[in-house]
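To keep things clear, I will list the structure first and then write my remarks on it.
We use all heavy atoms of the structure for the numbers below, so side chains are in, but hydrogens, waters and symmetry mates are not. If you read the sequence from its start, that first residue is 1, and numbering goes on from there. Since the model is a prediction, treat every value here as computed from it, not as a measurement.
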Amino acid sequence: MVRTISDTLAAAVRASTRVPVIGVSIEDHIQHYQDYQSPGAADGWHDACVAGDGSIVRIRLTRGSGAYSQSLQWQRIANPDSVSQWSSWSTLGGAGATCFEDGGCAISNNGGILRAFAQQGSGGSALWTWSSSDSGQSWSASPTSVLTPPGGASILGIGSAGNNDVFFLYQVSGGVVIGCSFYSGGSWSSLRSSSLSAIPYGAGLTACWDGSLYWLIFSDGNTLYESTYAPGGNSWQGLPAVAPATGNAITRRAPRLQYDPTSGLYTLACIEADSGLLTGAVYSYPRLRQSADLQHWSQGSIVHSMSAQYGACPLGTSNANLLISMSSVLKAPAYRQDSQHYLDCTNRVILYSLKGRLGRPTELEMVLDGGQEVVLSQPGATGPIGPNCSLVLRAGYRSGAAPGVPELVKVGTYRIQSMELERAAGVVRLRLLCGDLTQQLDQVNRFQMTYTAQPLGWLLREVCARAGLFALALPASSQLSQSVPLFVLPVGGSYRHALDELCHIYDLQYFLDQDEVLQFQDLSAATGASWSYQSEIERLSWGQRVQRGNHIIVTGKPPAGGASMALTTAEVYDDQQMQWSGQEGLIQHVDQKLLTVAQCASKASFLLAQEQRARWQHQVQIPFNPAHQLLDVISISDASGAIDGTARIVSSSSTYEPQQAIYSTTLELEGV
């Protein structure tokens, strides 16, 4: 995975006289939700969408003593900065005191046509819809009936993906199931019902259309379920739960989805409430989860400052993301390359050191000149130099004839963890300690997740997504499709421990690249060298140690229904090393996630390969080379001719200190 650099930059790296250049920027891509509007309306089911003209159109169900005689109301917000537009509501035609307050409601933009949905409460139980063709300025004078649920059943959650569709939860004798209908040719289709098992109750539903599938997330009050629906084949598929129930201790309701094109991520907002049974705390607030593929979701983060029971709608406008409840609205300005979000620090860099190793966050320490009016981010007055903001490092050399053209390569993106402002006589320095995004793997899992018979590649994506890592590059190897019979993500365990356990099944290695993509690799001895070092070497240590294991026995899960005492085992040998050393180095490994002899044999081969790689331990000090990443294979030729071979980078430590004329890297290497 060597970084690609130009021929001219490669020549500059090899030149005997090198002129280093760097580029450093600090960027704030965090969604800082802050108080924006305070409508103060009574809580109730509600929804919102963005109309074709950019205005925000909302609907709400009133709540009161008569559950079947509430009103569906709407508002249009052309200027979100206007306080009054968030407070003014109008009742839709025919929806005055005629709607079911717990049926939920939904609004969607269907290619310019807005549609609002709610269930009739008095005089019937039809699913009603209203439409607007002028961005919510006016609405149909009376409701149209989409359909009536079988037996006049109650609806307990409505969602629309904006594809001339509506999905809803409705009661049946065995619980609650999903129904849907589609608008085509001037009318709504008959009911299509889910083939999935009924859930105990309904507490909201949200829908998303990806061009071929509908993705549905819905709640029974405790569990957040997920399924897909393919309308062409009328086929439903249940997926692992987004969040499993914890008894009746934590309730979850009113899921709502938003896609953010700037980040490429989906945001799922859901109300979490605790009566105090689980944590001792009593609360009801939104939790925001994210996903890149609608299938693997992060643990998310809470929005404690927003108290709500019946939903919080995430909504993206042209310049901000909003989180909307009935009583309050929070706003997170969108990222722009302005003074609030971006700072070029290239001319302020005094020195930096960079340390990277496999399976751990890369660490960056950077010292900046603090005498140029450095402003640190504060709550309520955010700026680019703040906790968890991104520090982007680019490095390289001047290429061509002197003075040369600066050529920079992005080396990495790191998150600020610590800021220290140091003052002395005539000196002000800002010291930033940073780590890469994989530090999120050290978070602990809050709710236990159990997975049965999932492919290894699927589980890797799942664990990473739970930690908030969505960009993965997995190798195209057969091991990734192998099924893991049972895997538990325990409460209180770190995501890194879970990820390491999965990687250890077939000896996968991982690191984060410069674009914050988590790169997974299964190492191969056939990998060729990407760079050769000869005269550039400043210091070299070429070492060898005794190979600990040369006979590997791997035992998996015993075969079901097999003979008494039957085992699932495989073993491999390194005959050459065994004869060379004159001793047997036995390693016995047991892994109940391996089900076949072939899987055990594959694992044994990986373990032996790692033992063979670890036999060679080298260290080389070279001029800084922006092409290198962890796990790259390089070739070393010592000037004496006594040392000649290839090795793989497993650790890297770089230092940039222009005042001392230091710009070098120390690489820790092992065998290929």
Side-chain angles (χ1 to χ4, degrees), residues 22-37 48-56 77-83 85-86 257-267 269 288 290-292 298 301 303 305-306 312-324 328-349 364 366 368 370 372-394 408 410-417 419 430 432 434 436-437 440 468 470-471 514-517:
I22 64 168
V24 176
S25 63
I26 302 179
E27 305 169 7
D28 183 2
H29 295 270
I30 303 168
Q31 291 194 15
H32 299 282
Y33 281 107
Q34 300 179 34
D35 293 338
Y36 179 48
Q37 301 287 0
C49 75
V50 177
D53 64 354
S55 60
I56 298 171
I77 303 163
N79 177 14
D81 292 334
S82 171
V83 176
Q85 291 186 21
W86 289 95
L257 272 170
Q258 173 220 357
Y259 177 68
D260 182 359
T262 60
S263 66
L265 298 177
Y266 296 88
T267 295
L288 303 183
Q290 291 186 308
S291 174
S298 69
S301 59
V303 185
S305 60
M306 176 178 280
C313 298
L315 206 64
T317 67
S318 60
N319 61 3
N321 285 319
L322 304 178
L323 188 63
I324 305 169
S328 64
V329 182
L330 305 182
K331 178 180 179 180
Y335 174 80
R336 295 172 184 240
Q337 198 163 316
D338 55 20
S339 59
Q340 183 181 353
H341 299 91
Y342 178 87
L343 180 65
D344 187 342
C345 298
T346 300
N347 295 328
R348 302 184 181 198
V349 177
L364 172 69
M366 178 155 302
L368 303 175
Q372 303 179 41
E373 298 182 357
V374 171
V375 178
L376 302 182
S377 176
Q378 300 291 335
T382 59
I385 306 181
N388 211 34
C389 289
S390 300
L391 191 154
V392 181
L393 174 62
R394 294 174 173 83
L408 294 171
K410 184 193 284 189
V411 173
T413 303
Y414 313 96
R415 305 303 178 98
I416 298 175
Q417 296 300 299
M419 300 168 288
L430 178 64
L432 302 177
C434 312
D436 72 29
L437 194 60
Q440 294 185 185
F470 303 107
Q514 68 277 0
D515 295 316
E516 297 192 304
V517 176

Handout entry: Non-hydrogen atoms of Q337 and Y342 that approach each other most closely
Key = CG-CG, 3.4 Å
Problem - L437 and T413, any side-chain heavy atoms less than 4.5 Å apart - result: no
Practice task
List the atom of A48, the atom of C313, and the distance in Å for their closest heavy-atom pair.
Solution key: N-SG, 4.0 Å
Exercise for the section: Supply the atom-to-atom distance L288 CG to T267 OG1, rounded to the nearest 0.5 angstrom. Expected result: 6.5 Å
Problem - Non-hydrogen side-chain atoms of L430 and I385 separated by less than 4.5 Å - result: yes
Handout entry: Main-chain N/O of V24 paired with T346 side-chain donor or acceptor, under 3.5 Å
Key = yes
Exercise for the section: Check whether any side-chain N or O of E27 sits under 3.5 Å from a backbone N or O of V392 as a donor-acceptor pair, and report yes or no. Expected result: no
Problem - Short side-chain to backbone donor-acceptor contact, Y36 and D81, under 3.5 Å - result: yes
Exercise for the section: Give a yes or no on whether the backbone of Q340 and the side-chain of D338 come within a donor-acceptor separation of less than 3.5 Å. Expected result: yes
Handout entry: Separation between CZ of R415 and CD1 of I30, rounded to the nearest 0.5 Å
Key = 7.0 Å
Completion exercise
When every non-hydrogen atom of A312 is compared with those of A269, the smallest separation belongs to O-CB, 3.3 Å
Exercise for the section: Give a yes or no on whether the backbone of D344 and the side-chain of S25 come within a donor-acceptor separation of less than 3.5 Å. Expected result: no
Exercise for the section: Could you check if a side-chain atom of S263 sits within less than 4.5 angstrom of a side-chain atom of Y335, using non-hydrogen atoms only? Expected result: no
Practice task
First locate atom CG of L391, then atom CG of D436, and finally report the distance between them rounded to the nearest 0.5 Å.
Solution key: 12.5 Å
Exercise for the section: May I ask you to test the V411-Q514 pair for a side-chain heavy-atom distance under 4.5 Å? Expected result: no
Handout entry: Over all atoms of both residues, closest heavy-atom pair of L322 and W86
Key = CD1-CH2, 4.2 Å
Practice task
Please tell me if the side chains of Q258 and N321 come closer than 4.5 Å, counting only heavy atoms from C-beta onward.
Solution key: yes
Practice task
Considering non-hydrogen atoms only, spot the tightest contact between A320 and P333 and give its length.
Solution key: CB-CA, 4.0 Å
Problem - Candidate pair Q34 and H32, rule side chain to side chain donor-acceptor pair (under 3.5 Å), full reasoning - result: CA-CA 6 Å; Q34 300 179 34; H32 299 282; 5.3 Å; no
Fill in the blank from the handout: Heavy atoms of S339 and P384 approach each other most closely as O-CD, 3.5 Å
Exercise for the section: Report yes if some heavy atom in the side chain of Q31 is under 4.5 Å from a heavy atom in the side chain of D260; otherwise report no. Expected result: yes
Exercise for the section: State, yes or no, whether a side-chain contact exists between N388 and Q417 at a heavy-atom distance under 4.5 Å. Expected result: yes
Handout entry: Mutual orientation of the aromatic rings belonging to Y259 and Y266 [parallel < 30°, tilted 30-60°, perpendicular > 60°]
Key = tilted
Practice task
Using a 4.5 Å cut-off on heavy atoms from C-beta on, say whether the side chain of H341 contacts that of C389.
Solution key: no
Practice task
Could you tell me whether a side-chain N or O of Q85 sits under 3.5 Å from a main-chain N or O of N79, the two making a donor and an acceptor?
Solution key: yes
Practice task
With rounding to the nearest 0.5 Å, note down the distance linking NZ in K410 to CD in E516.
Solution key: 8.0 Å
Handout entry: Inter-residue atom distance S390.OG - I26.CD1, 0.5 Å rounding
Key = 10.0 Å
